[in-house]
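Remarks on the structure that follows.
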Amino acid sequence: MLVPAKTLELKFAMSLIQQSTSLLQLFQLQSLLLKTSLNLNNFVTAKFLRKCLAFSPPKSLPYARALFDHVHAPDTFLYNTLIRAYLQSQNPIESLHLFRRMRLVDGASPDSFSLSLGIQACARSSEKGMGEVIHAHVVKLGFVSDLFIETALIEMYAKIGDIVLARKVFGLMPERDLVAYNVMLAEYVGCGEIGQARILFDEMPIKDLVSWNTMIHGYAKSGEVNSAREIFDRSREKDLVSWSSIISAYAQNKQCNEALRLFKGMQLGGIVPDKVTMVSVLSACADIGALGMGKTIHKFIEKNKIEIDVKLGTSLVDMYAKCGDIENSLQVFHGMDERDVLTWSSMIIGLASHGLGNDALRFFSKMIQEGIKPNDITFVGVLSACNHNGLVDEGRAHFNSMNNVYKISPKVEHYGCMVDLLGRAGHIKQARQLIEDMPFEPDAVVWRALLGSCRTYKNIEIAEEAINNLINLEPYVDGHYVLLSNIYAQANRWADVAEVRKLMRGANIQRIPGSSSIEIGNIVHEFVAGDNSHPRSDEIYKMLAEMIDRLKWAGYEPVTSLVLQDVDEQTKESALIQHSEKLAIAFGLLISVPKSTIRIVKNLRVCEDCHAAIKLISLVYERKLIVRDRNRFHHFADGKCSCGDYW
DNA sequence: ATGGCTAGCA
């Protein structure tokens, strides 16, 4: 026989491995390898591992690891294969364990591949000390001018927080290729040095699409959408990443309509969106409360068979919740086969914002049972759930458990929730004390929460303190002056009312205009107070007049004290009647299908007068209305609101 | 028989 049987077997096994198309096939192949003892061959095992890891790594990685652990003396190549697999997983620290083990346990010496992988592992797990040790090895072993290793070192020093040293490594490179430039660029972006990134970008001898896309993302991250757009427009070629980056730039910077416009432009340009694109598009829908558009995008995802991974699933959960459709939010949640802390947090926050505090707390317990570790955001949801249901003791217990059980330091927003919770329950002194005790400066949210309870429980002294702090923090918000004046008016302190008006005239107040929107047929219609820019404005005002008439018959009395301008009652009333939410609802009544739910999104807190009016609208017109304001949802039906009139 | 860079959620 000219060719030894073993060689034939080997060739045959290799081609079988090569040809397999699923993990299951590989699984079956493994028994063949065991029978022929080919599993003892590192060469074959490596091929097997690589093929295995080509399939979905969360499933195949543990399998590959088990296989690896049965190899008697893994060689450097085999180690490198597995180290790389862990590097791309959620668990880069395991790469480092293997890196150490290869030399100490199996005496396999790290080659240039291992070294660059080891350095990347340090970067991604912030192992500063180990990174420096490997760097020393690199110098000792003479790998100092290996492009891959040097590039890894740039990333490593940047990620451990030493961008200056990263730049030094970059500067000392005898030659720099495009990838080295791109990594340096990405690391400047990563640590927020967009100015340095731009200088480097302009200096680069050649740029590719990655360089342009890095800059688009960099500007987006720094909040400079217009610069991001400029780079996007200037780049001659645009790929999936370029489009996704610019869409995300607009979505993150609250220019959602432009984000949605670009999403259409991308498709016209022949670029097929993927799951990453969809996340940004959905977050734009969520932001403006465009439920119809969100549903359309959901259908698009299903029609185009875009994989719904944890992040995309979470975006859908979040979108539905923020668009007021908590049922669909729950449905997507239950349909997901993997959920992470963000998925659970989104669901908990969603439920809480809809006033379903008890459900939110049940979900939290389930999350803990399933072994998902909560983070600070989860607790924002948990505490606000307690808030909406007035669960003082439970809220306190969760707040204390943050430190004691989960080792999460409460941030200012958690204190804000607690102040709100205590205040709502009437424990105003305790709430005030908590502000005193918190380890940082209270922000506007905290004072606003305290103020809310002072209004309910008519505690003028603390209200004055809260509002003066608010005015200090946000001197330009007219609403604060209105509140203060109302409090004085309630207490018949008219001299103080006049004083506030004087104060207001002195301050440089830029009104944040209240605006409300309603989506009809995937188009979002936005209204500001007294708006007559809508093409159907005449009909809207006719409907509004009729609506107010019917409400008055049902007992509506405009709360004119909310209007601070020094004008007569009639003018005050007409100002109230033209509030943006009332205009949006009038439009909704005019144009929507009879009996359908009307969904309104407001940028600020819903005003007291509108809240009372909407309750009556739900009764008189027999409609459900779902209003999203700055903080939460109000579900109006049968003359009542889900918030129980405290918001 | 292997390797480095760009876009996503609360």
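In what follows, chains are A, B, ... by sequence order, proteins preceding strands, each numbered from 1. Just so it is clear, the values below take in all heavy atoms, side chains as well, and ignore hydrogens, waters and symmetry mates.
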Exercise. Quick one: is the NZ or CZ of A:Lys373 closer than 6.0 Å to the six-membered ring centre of A:Tyr406, and within 45° of its axis?
Worked result: no
Problem set entry | Those residues of residues 70-103 of chain A lying under 4.0 Å from DNA chain B by at least one heavy atom | A:Phe77, A:Asn80, A:Arg84
Problem set entry | Stretch residues 201-217 of chain A: residues that reach within less than 4.0 Å of DNA chain B through a heavy atom | A:Val210, A:Asn213, A:Thr214, A:His217
Exercise. So what does A:Leu312 touch, heavy atoms closer than 4.0 Å: a base, only the sugar-phosphate, or nothing?
Worked result: base
For this session: Using whole Å, report how far CD1 of A:Ile119 lies from P of B:dC5.
Result: 13 Å
Exercise. Is any side-chain N or O of A:Asp111 under 3.5 Å from a base N or O of B:dG3, one able to act as donor and the other as acceptor?
Worked result: no
Exercise. With sugar-phosphate meaning primed atoms plus P, OP1 and OP2, does A:Asn375 contact a base, only sugar-phosphate, or nothing at under 4.0 Å between heavy atoms?
Worked result: base
Exercise. Counting any heavy atom closer than 4.0 Å, what does A:Leu147 reach on the DNA or RNA strands: base, sugar-phosphate only, or nothing?
Worked result: base
For this session: Give a yes or no on whether a donor-acceptor pair under 3.5 Å exists between the nucleobase atoms of B:dA7, that is its base, and the side chain of A:Ser244.
Result: yes
Exercise. In whole angstroms, how far is the P atom of B:dG8 from the CD1 atom of A:Ile308?
Worked result: 20 Å
Exercise. Is the closest side-chain heavy-atom distance between A:Cys122 and A:Ile134 below 4.5 Å?
Worked result: yes
Exercise. Between B:dA7 and A:Gln252, is there an OP1 or OP2 to side-chain N/O distance shorter than 4.0 Å?
Worked result: no
Problem set entry | Closest nucleotide among B:dC9, B:dA7, B:dG3 to the A:Asp146 side chain | B:dG3
Exercise. Nearest to the side chain of A:Arg124 - B:dG8, B:dG4, B:dA10?
Worked result: B:dG4
Problem set entry | Residue pair A:Tyr320 / A:Leu291, side-chain heavy-atom distance below 4.5 Å | yes
Exercise. What is the distance from OH of A:Tyr188 to P of B:dC5, rounded to the nearest Å?
Worked result: 19 Å
Exercise. Among side-chain atoms of A:Asp208 and A:Ser211, is any donor-acceptor pair under 3.5 angstrom?
Worked result: yes
Problem set entry | Base of B:dG4 and ring of A:Phe148 stacked, centres under 5.5 Å, planes under 30° | no
Exercise. Does the side chain of A:Phe99 reach to within under 4.5 Å of the side chain of A:Tyr79, using non-hydrogen atoms?
Worked result: no
Seminar exercise, completed: Against the side chain of A:Asp318, the closest entry in B:dA10, B:dG8, B:dA7 is B:dA10
Exercise. What does A:Leu342 touch in the nucleic acid at a heavy-atom separation under 4.0 angstrom: a base, only the sugar-phosphate, or nothing?
Worked result: base
Problem set entry | Selected nucleotide, minimal atom distance to A:Val241 side chain, candidates B:dA7, B:dG8, B:dT2 | B:dA7
Exercise. Backbone N or O of A:Phe379 within a donor-acceptor pair of the A:His398 side chain at under 3.5 Å?
Worked result: no
Exercise. Going by modelled atom types, is there a donor-acceptor pair between the base of B:dG4 and the side chain of A:Asp177 at under 3.5 Å?
Worked result: yes
Exercise. Within the structure shown, what part of the strands sits under 4.0 Å from A:Ser242 by heavy-atom distance: base, sugar-phosphate, or nothing?
Worked result: nothing
Problem set entry | d(CE, A:Met367; C1', B:dA10) in whole Å | 11 Å
Exercise. What integer distance in Å separates A:Leu178:CG from B:dT6:P?
Worked result: 13 Å
Exercise. A:Ser315 side chain: which of B:dG8, B:dC9, B:dG4 is closest?
Worked result: B:dC9
For this session: Please name the residue in the list A:Glu94, A:His97, A:Arg124, A:Arg65 that meets the side-chain hydrogen bond (donor to acceptor under 3.5 Å, both in side chains) test with A:Tyr86.
Result: A:Arg65
Problem set entry | Atom pair distance, as rounded to whole Å: CE in A:Met278 and C1' in B:dA7 | 14 Å
Exercise. Do other residues, nucleotides or ligands put more than 12 heavy atoms under 6.0 Å from the CD atom of A:Glu302?
Worked result: yes
For this session: State which of B:dA10, B:dC5, B:dT2 makes the closest approach to the side chain of A:Val179.
Result: B:dC5
For this session: May I ask you to say what A:Asp376 touches in the nucleic acid, namely base, sugar-phosphate or nothing, with a heavy-atom cut-off under 4.0 Å?
Result: nothing
Exercise. Can a salt bridge be assigned to the pair A:Arg167 and A:Glu187 using a cut-off of 4.0 Å between side-chain N and carboxylate O?
Worked result: no
For this session: Please work out if A:Ser245 contacts a base, only the sugar-phosphate, or nothing of the nucleic acid, heavy-atom cut-off 4.0 Å.
Result: sugar-phosphate
For this session: Kindly indicate whether the side chain of A:Phe300, heavy atoms from C-beta on, has any atom under 4.5 Å from the side chain of A:Met278.
Result: yes
For this session: May I ask you to say what A:Lys238 touches in the nucleic acid, namely base, sugar-phosphate or nothing, with a heavy-atom cut-off under 4.0 Å?
Result: nothing
For this session: Quick one: label A:Lys47 by what it contacts on the DNA or RNA (base, sugar-phosphate, nothing), any heavy atom closer than 4.0 Å.
Result: nothing
Exercise. Any side-chain donor-acceptor pair under 3.5 Å between A:Asp274 and A:Thr277?
Worked result: yes
For this session: Counting heavy atoms from C-beta on, name the nucleotide in B:dA1, B:dA10, B:dC9 closest to the side chain of A:Phe43.
Result: B:dA1
